[in-house]
Amino acid sequence: MNVYDFDGTIYEGDSSIDFYMYCLKKHPKILKALPTQMKGFLLYGFHKINKTRLKEYYFSFLRALEKPELDVEKFWDENRNKIKSWYLKQKNPLDVIISASPEFLLRPILNSIGIYHLIASDVDIHTGKFRSDNCHDEIKPVYFNQRYPDEHIDNFYSDSLSDEPMARLADAAWLIRHDQIKKWSIT
């Protein structure tokens, strides 16, 4: 099987940031979460909280949305063109997408393009609270092995060197820079 990171790999940009910007444009009232978000960035900067907790502060803006499921749907209506064409040409229904972005955000777009295997951060769409650890870096292989304990990874694709723990599980790993795909040599 082939496994792909999402943001920056098969999606041009960061979907969590793009979704926030979309919501800010449609619902300026989410700015009331800004002091909470700033507090989170400060606490993280001073190493008082981990990345999962930081992202809970970040996603606190979800509490101000009346119909977040509808916002996610409309967001993808405007942003589905950011799924990279190289991926659309080679995608396979057996692909696994693994991402730190929330599952509630990625599931709709992936299902719409015929991809149903997703491992992502489990975040409450109404509160921004995490139900599990943020799915990043060294956590990704743990979650992958829990979900697919007997599966073999032929190829792994990512835009981030922090995904090296996942890359080590694959026969071949590939680094993505925009639309360029280069062999990832792991030492």
Side-chain angles (χ1 to χ4, degrees), residues 4-88 91 95-137 139-140 143 158-160 162-163 176 178-179:
Y4 299 82
D5 173 51
F6 186 79
D7 295 301
T9 302
I10 67 167
Y11 177 81
E12 187 64 49
D14 185 304
S15 60
S16 294
I17 294 172
D18 290 351
F19 181 62
Y20 176 78
M21 297 308 291
Y22 170 86
C23 291
L24 184 59
K25 188 167 62 175
K26 300 293 182 186
H27 311 289
K29 66 182 179 183
I30 69 169
L31 276 175
K32 70 181 183 184
L34 190 58
T36 299
Q37 293 169 319
M38 295 306 296
K39 179 181 175 184
F41 286 116
L42 285 172
L43 290 171
Y44 184 73
F46 287 109
H47 307 286
K48 300 292 185 189
I49 59 174
N50 63 22
K51 192 176 273 187
T52 299
R53 189 78 178 108
L54 167 66
K55 291 181 86 172
E56 284 184 339
Y57 280 97
Y58 177 77
F59 284 109
S60 65
F61 74 91
L62 293 169
R63 294 181 208 142
L65 300 178
E66 293 175 18
K67 297 178 180 175
E69 295 88 351
L70 185 59
D71 287 312
V72 169
E73 182 182 320
K74 290 183 176 180
F75 167 74
W76 285 119
D77 287 345
E78 291 185 15
N79 290 278
R80 68 180 303 117
N81 62 330
K82 293 179 80 174
I83 301 294
K84 296 180 180 182
S85 60
W86 69 263
Y87 177 69
L88 293 173
K91 70 180 174 75
D95 289 346
V96 174
I97 308 299
I98 190 162
S99 176
S101 286
E103 182 175 346
F104 74 77
L105 183 58
L106 303 188
R107 176 75 62 198
I109 187 64
L110 292 175
N111 287 356
S112 77
I113 63 171
I115 303 299
Y116 302 98
H117 302 282
L118 170 64
I119 301 170
S121 296
D122 186 8
V123 181
D124 186 305
I125 193 171
H126 298 285
T127 66
K129 293 287 186 188
F130 277 60
R131 297 183 187 114
S132 63
D133 285 331
N134 185 35
C135 182
H136 72 104
D137 305 344
I139 300 294
K140 284 183 175 180
Y143 285 175
S158 178
D159 71 317
S160 175
S162 68
D163 277 333
I176 308 301
H178 300 287
D179 286 329

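Everything numeric here is computed off the predicted structure, so don't read it as measured data.
Note: Leu88 CG to Ile10 CD1 = 8.0 Å, rounded to the nearest 0.5 Å. Atom CD1 of residue Ile98 and atom CG of residue Asp163 lie 8.0 Å apart, to the nearest 0.5 angstrom. Going from atom NZ of Lys91 over to atom CD1 of Ile83 covers 10.5 Å, rounded to the nearest 0.5 Å. Note that CZ of Phe104 is 9.5 Å distant from NE2 of His126, once rounded to the nearest 0.5 Å. To the nearest 0.5 angstrom, Leu62 atom CG is 12.0 Å from Lys129 atom NZ. Rounding to the nearest 0.5 angstrom, the gap separating the CG atom in Leu105 from the OG atom in Ser15 is 4.5 Å.
Shortest non-hydrogen contact noted between Ile49 and Gly40 is CD1-O, 3.5 Å.
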### Task
Output, in order, the C-alpha distance, side-chain angles, deciding distance and verdict of side-chain contact (heavy atoms from CB on, under 4.5 Å) for Lys32 and Arg63.
CA-CA 10 Å; Lys32 70 181 183 184; Arg63 294 181 208 142; over 6 Å; no
### Message
If you apply the rule side-chain contact (heavy atoms from CB on, under 4.5 Å), what do you find for Gln37 with Leu34, and how did you get there?
### Response
CA-CA 5 Å; Gln37 293 169 319; Leu34 190 58; 3.7 Å; yes
#### Entry: Verdict with supporting geometry, Glu103 and Leu118, side-chain contact (heavy atoms from CB on, under 4.5 Å)
CA-CA 8 Å; Glu103 182 175 346; Leu118 170 64; 3.7 Å; yes
### Task
Tell me, with the steps shown, if Ser132 and Asp122 meet side-chain hydrogen bond (donor to acceptor under 3.5 Å, both in side chains).
CA-CA 6 Å; Ser132 63; Asp122 186 8; 5.0 Å; no
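By the 4.5 Å heavy-atom criterion applied to side chains, Lys140 and Cys135 are counted as neighbours. Side-chain atoms of Ile113 and Tyr87, non-hydrogen and from C-beta on, do get closer than 4.5 Å to each other. When side chains are defined from C-beta on, Trp76 does not count as touching Ser112, because their heavy atoms never get closer than 4.5 Å. No side-chain heavy atom of Thr9 sits less than 4.5 Å from a side-chain heavy atom of Lys84. You'll find the side chain of Glu73 stays beyond 4.5 Å of the side chain of Pro108, heavy atoms only. You'll find the side chain of Ser158 stays beyond 4.5 Å of the side chain of Ile176, heavy atoms only. Thr127 has its side chain out of reach of Glu56: every pair of non-hydrogen atoms, C-beta onward, lies at least 4.5 Å apart. The closest side-chain heavy-atom distance from Ile97 to Ile119 is not below 4.5 Å.
Checking side-chain atoms of Asn79 against main-chain N and O of Lys82 turns up no donor-acceptor pair under 3.5 Å. Looking at Ser99, its side chain does come within 3.5 Å of a backbone N or O of Ser101 through a donor-acceptor pair. No side-chain donor-acceptor contact under 3.5 Å links Arg107 to the backbone of Pro102.
Checked for salt-bridge contact, Glu66 and Lys29 meet the test: a charged N lies under 4.0 Å from a carboxylate O. Residues Asp133 and Lys51 are not paired through a salt bridge, judged by the lack of any N-O separation under 4.0 Å between the basic side chain and the carboxylate.
Between Lys55 and Asn134, the side chains place a donor N or O and an acceptor N or O closer than 3.5 Å (distance only, hydrogens not considered). With 3.5 Å as the limit, one finds no donor-acceptor pair spanning the side chains of Ser60 and Thr36.
Identified under the ring-ring contact (aromatic ring centres under 6.0 Å, His included) test for residues 13-50, with sequence neighbours left out: Phe19-Phe75, Tyr20-Tyr58, Tyr20-Phe61, Tyr22-Phe75.
Screening Val72, Leu70, Asp71 for a side-chain contact (heavy atoms from CB on, under 4.5 Å) with Lys74, the sole residue that qualifies is Leu70. With Ile115 as the fixed residue, the side-chain contact (heavy atoms from CB on, under 4.5 Å) test singles out one of Val96, Asp95, Ile109: Asp95.
Using a 30° and 60° split on the angle between ring planes, Phe6 and Tyr11 fall in the parallel class, below 30°.
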